[in-house]
J.: 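Could you have a look at this structure, given as structure tokens, before my questions?
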Protein chains: 2
Amino acid sequence: MTPALKDLYVQKDKMYVATDCIIFGFDAGKLKLLVFKRRVEPFLGTWSLIGSFVRMEEDVSVAAKRVLTEITGLDNVFMEQLKAYGLADRDPGYRCVSIAQFALIRIDDYDKELTEKHGAHWFELEELPELVLDHSQMVEDAMARLKRKARYQPIGFELLPEKFTIPQLQSLYEAIYQKKLDDRNFRKKLMSLGLLIKLNEKDKSSSRRGAFLYKFDYDNYQKLVKSGYNFEIA
Amino acid sequence: MTPALKDLYVQKDKMYVATDCIIFGFDAGKLKLLVFKRRVEPFLGTWSLIGSFVRMEEDVSVAAKRVLTEITGLDNVFMEQLKAYGLADRDPGYRCVSIAQFALIRIDDYDKELTEKHGAHWFELEELPELVLDHSQMVEDAMARLKRKARYQPIGFELLPEKFTIPQLQSLYEAIYQKKLDDRNFRKKLMSLGLLIKLNEKDKSSSRRGAFLYKFDYDNYQKLVKSGYNFEIA
DNA sequence: CGTCATAAGCGTATTTTATACAGTTTGCTG
DNA sequence: CAGCAAACTGTATAAAATACGCTTATGACG
């Protein structure tokens, strides 16, 4: 029963509501996570996700976006709610429910000064230190979600620059799925979707020959989704 | 940043935290939802999901289970968090975040008196009335989750009696996916998984010939999952 | 200036899985 | 004992996933 419906006869406690952001990036073939080092007590020196309390007049999703923008200077970032974490004793200080959100950002876009000012650091996922409270659990859950979701929704592209090469895209999917993919089959599959626009430019940063750049065709994707299309990658 | 980490210098508002249950059942080839009619103001007479405020010393998931047990008399029910609903104005009365949980129950198990005493009613999904607040949205989201999750996790069995027939199982999946499936292919696929235990009993309720009863092999399923197996149904 | 190394890119054969479709069996009913 | 309705079985075809090897482009380097 929703609050308004039975506020007269029910135990009604108020608590803090926070939101924490699991911020993924991708660089040099590795998935990375943006975490923060505490510079004040309590928990000084421990690593933590970035987060904030949700304010009285603020949507939970808006609170998460506010935090992300404060920290990275970025707007229009892909962000989605993961789930709420509501163990009564999850925060030793006081009762607080946290709603975790995961964000995918293009790692070279973000404002470097801004993040450094906040004590931020990019960790490779495999080298992630222990995080405060239940934040490590949040990361694990977010990773599982990303792994599953990447299969049926083109969210991987949120982690790449707007223009990317097929080998880059493949290495991203390899990082997400944590396994090697066959390059010929990967290319074939991706091309057959008809959702990549080949550009007349090459990226020469990783080979003498250079690889053609592509863009993801969001317009066509939207159209296909509307007509009931269901896509899968790898 | 999590509350305890910056409580000294941050705006910190308390709000209500509630949980609402989306309770699915399956009967006579139809997916059904358990909803409640308000008997007091405000919103008298409107339909609503069942829910409760989360208490100070109570895990969110425990609160949801408490509600479910109070209403249905059932314990050990499949329940999973859907997501949090946190629009600032979702409840006109006061600021309240609700964490929606969806539950799958075996419809003939639950305590009928108990539910009726609470003004409960099973609706077929297609005939569901408008619900208060954002509850209709919750149901829609839960249905989408169920539809997707049924593909890769054997949660459908939570909606059937322990012993079920293949035609029953098929009709359940048809209800979830909202489309007809080919009976020969369905049976072939399910049998090939090696996760159904054929019993030496028949259910004669829906045909003269009777259909063999099966049980889901949870033990074997657990083993397969541990060894990295990934299954898919229909 | 030629060859070497490296990553990009392409094509085909094979296996696996999904789909489409038709007929037989069982057992009660009238 | 004929008729009916649902349970059950099998096979052929199409589509998708996998496995695998060779060619091409281009800067580096002797």
Side-chain angles (χ1 to χ4, degrees), chain A residues 28-30 147-148 150-152 160-161 163-215 224 228-234, chain B residues 28-30 150-152 160-161 163-215 224 228-234:
Chain A
K30 299 279 186 182
K147 226 163 155 174
R148 178 157 293 284
R151 289 202 109 70
Y152 63 87
L160 292 176
K163 301 173 182 182
F164 53 85
T165 69
I166 304 289
Q168 275 177 331
L169 186 59
Q170 180 175 344
S171 99
L172 169 63
Y173 273 94
E174 288 177 339
I176 293 175
Y177 297 151
Q178 295 168 312
K179 68 172 181 184
K180 283 266 162 242
L181 301 173
D182 181 277
D183 57 339
R184 295 152 287 192
N185 295 335
F186 182 82
R187 185 183 294 267
K188 198 190 315 173
K189 180 73 189 285
L190 264 287
M191 291 317 221
S192 75
L193 298 175
L195 291 172
L196 297 185
I197 301 166
K198 187 174 185 171
L199 303 177
N200 242 331
E201 302 169 63
K202 283 192 168 190
D203 172 284
K204 296 226 169 194
S205 61
S206 73
S207 76
R208 318 198 188 298
R209 183 182 178 176
F212 276 103
L213 288 163
Y214 291 80
K215 285 168 82 168
L224 287 173
Y229 174 72
N230 234 23
F231 100 131
E232 288 214 12
I233 292 181
Chain B
K30 299 280 186 179
R151 289 204 108 70
Y152 62 86
L160 292 176
K163 301 173 183 183
F164 52 85
T165 68
I166 304 289
Q168 275 178 330
L169 186 59
Q170 179 175 345
S171 99
L172 169 62
Y173 274 92
E174 289 178 338
I176 293 176
Y177 297 150
Q178 295 167 313
K179 68 171 180 184
K180 282 267 163 237
L181 301 172
D182 181 278
D183 56 339
R184 294 153 289 192
N185 294 335
F186 181 82
R187 184 182 294 265
K188 199 189 315 172
K189 181 73 189 287
L190 264 288
M191 291 317 222
S192 75
L193 299 175
L195 291 171
L196 298 186
I197 300 166
K198 187 173 183 172
L199 303 177
N200 242 330
E201 302 170 64
K202 283 192 166 189
D203 174 284
K204 297 224 168 194
S205 61
S206 72
S207 76
R208 316 197 190 298
R209 181 181 178 177
F212 277 104
L213 287 163
Y214 291 80
K215 286 169 81 169
L224 287 172
Y229 174 72
N230 234 24
F231 100 132
E232 288 215 11
I233 292 181

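Each chain gets a letter, A, B and so on, in the order the sequences are listed, and its residues count up from 1.
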J.: In whole angstrom, give the distance that lies between atom CG of Asp183(B) and atom P of dG10(D).
T.: 14 Å
J.: Would you kindly give the CD-to-P distance between Glu201(B) and dA7(D), to the nearest whole Å?
T.: 17 Å
J.: Hey, what do you get for CD1 (Ile233(A)) to CG (Leu169(A)), rounding to the nearest 0.5 Å?
T.: 6.5 Å
J.: Check the pair Met191(A), Tyr214(A) against side-chain contact (heavy atoms from CB on, under 4.5 Å), reporting the backbone distance first and the verdict last.
T.: CA-CA 11 Å; Met191(A) 291 317 221; Tyr214(A) 291 80; 3.0 Å; yes
J.: Just the rounded figure in Å: distance from C1' of dA8(C) to CG of Asp203(A).
T.: 12 Å
J.: Quick check on dA25(D): is either OP1 or OP2 less than 4.0 Å from any side-chain nitrogen or oxygen of Arg208(A)?
T.: no
J.: Under 4.0 angstrom, heavy atoms only, what part of the nucleic acid is Thr165(A) near: base, sugar-phosphate, or nothing?
T.: nothing
J.: What is the distance, to the nearest angstrom, from the CZ atom on Arg184(A) to the C1' atom on dG21(D)?
T.: 7 Å
J.: Of all the choices, dC28(C), dA7(C), dG11(C), which nucleotide is nearest to the side chain of Lys204(B) once you look at every atom?
T.: dC28(C)
J.: From CG of Leu169(B) over to C1' of dA7(D), roughly how many Å is that when rounded to an integer?
T.: 15 Å
J.: Looking at side-chain heavy atoms only, is the closest gap between Phe212(A) and Leu196(A) below 4.5 Å?
T.: no
J.: Using atom CZ of Phe212(B) as one end and atom C1' of dG27(C) as the other, report the distance to the nearest whole Å.
T.: 13 Å
J.: Output the residues of residues 188-199 of chain A in contact with DNA chain D, where contact means a heavy atom of the residue under 4.0 Å from an atom of the strand; sort by number or write none.
T.: Lys188(A), Lys189(A)
J.: Measure from CZ on Arg187(A) to C1' on dA17(D) and round the result to the nearest Å.
T.: 18 Å
J.: Which is it for Leu224(B) and Leu195(B) under the side-chain contact (heavy atoms from CB on, under 4.5 Å) test, yes or no, and what are the steps along the way?
T.: CA-CA 10 Å; Leu224(B) 287 172; Leu195(B) 291 171; 3.7 Å; yes
J.: What's the closest nucleotide to the Arg209(A) side chain, out of dC10(C), dA8(C), dG9(C)?
T.: dA8(C)
J.: In terms of heavy-atom contacts, does NZ of Lys189(B) have more than 12 from other residues, nucleotides or ligands at under 6.0 Å?
T.: yes
J.: What nucleotide among dG27(C), dA6(D), dA28(D) has an atom nearest to a side-chain atom of Ser206(B)?
T.: dA6(D)
J.: Return the set of residues passing salt bridge (charged side-chain N to carboxylate O under 4.0 Å, His left out) with Lys179(B) (not counting sequence neighbours), or none when no residue passes.
T.: none
J.: Grab the CG-P distance between Asn230(B) and dA17(D) for me, whole Å please.
T.: 15 Å
J.: Let me know, please, whether Asn185(B) or Ala211(B) comes out on the 5' side of the other along DNA chain D by nearest nucleotide.
T.: Ala211(B)
J.: For the side chain of Ser207(B), starting at C-beta, report the closest nucleotide among dA6(D), dG27(C), dG9(C).
T.: dA6(D)
J.: On a heavy-atom basis, which atom in Ile166(A) and which in Arg187(A) lie closest, and how many Å separate them?
T.: CG1-NH1, 3.9 Å
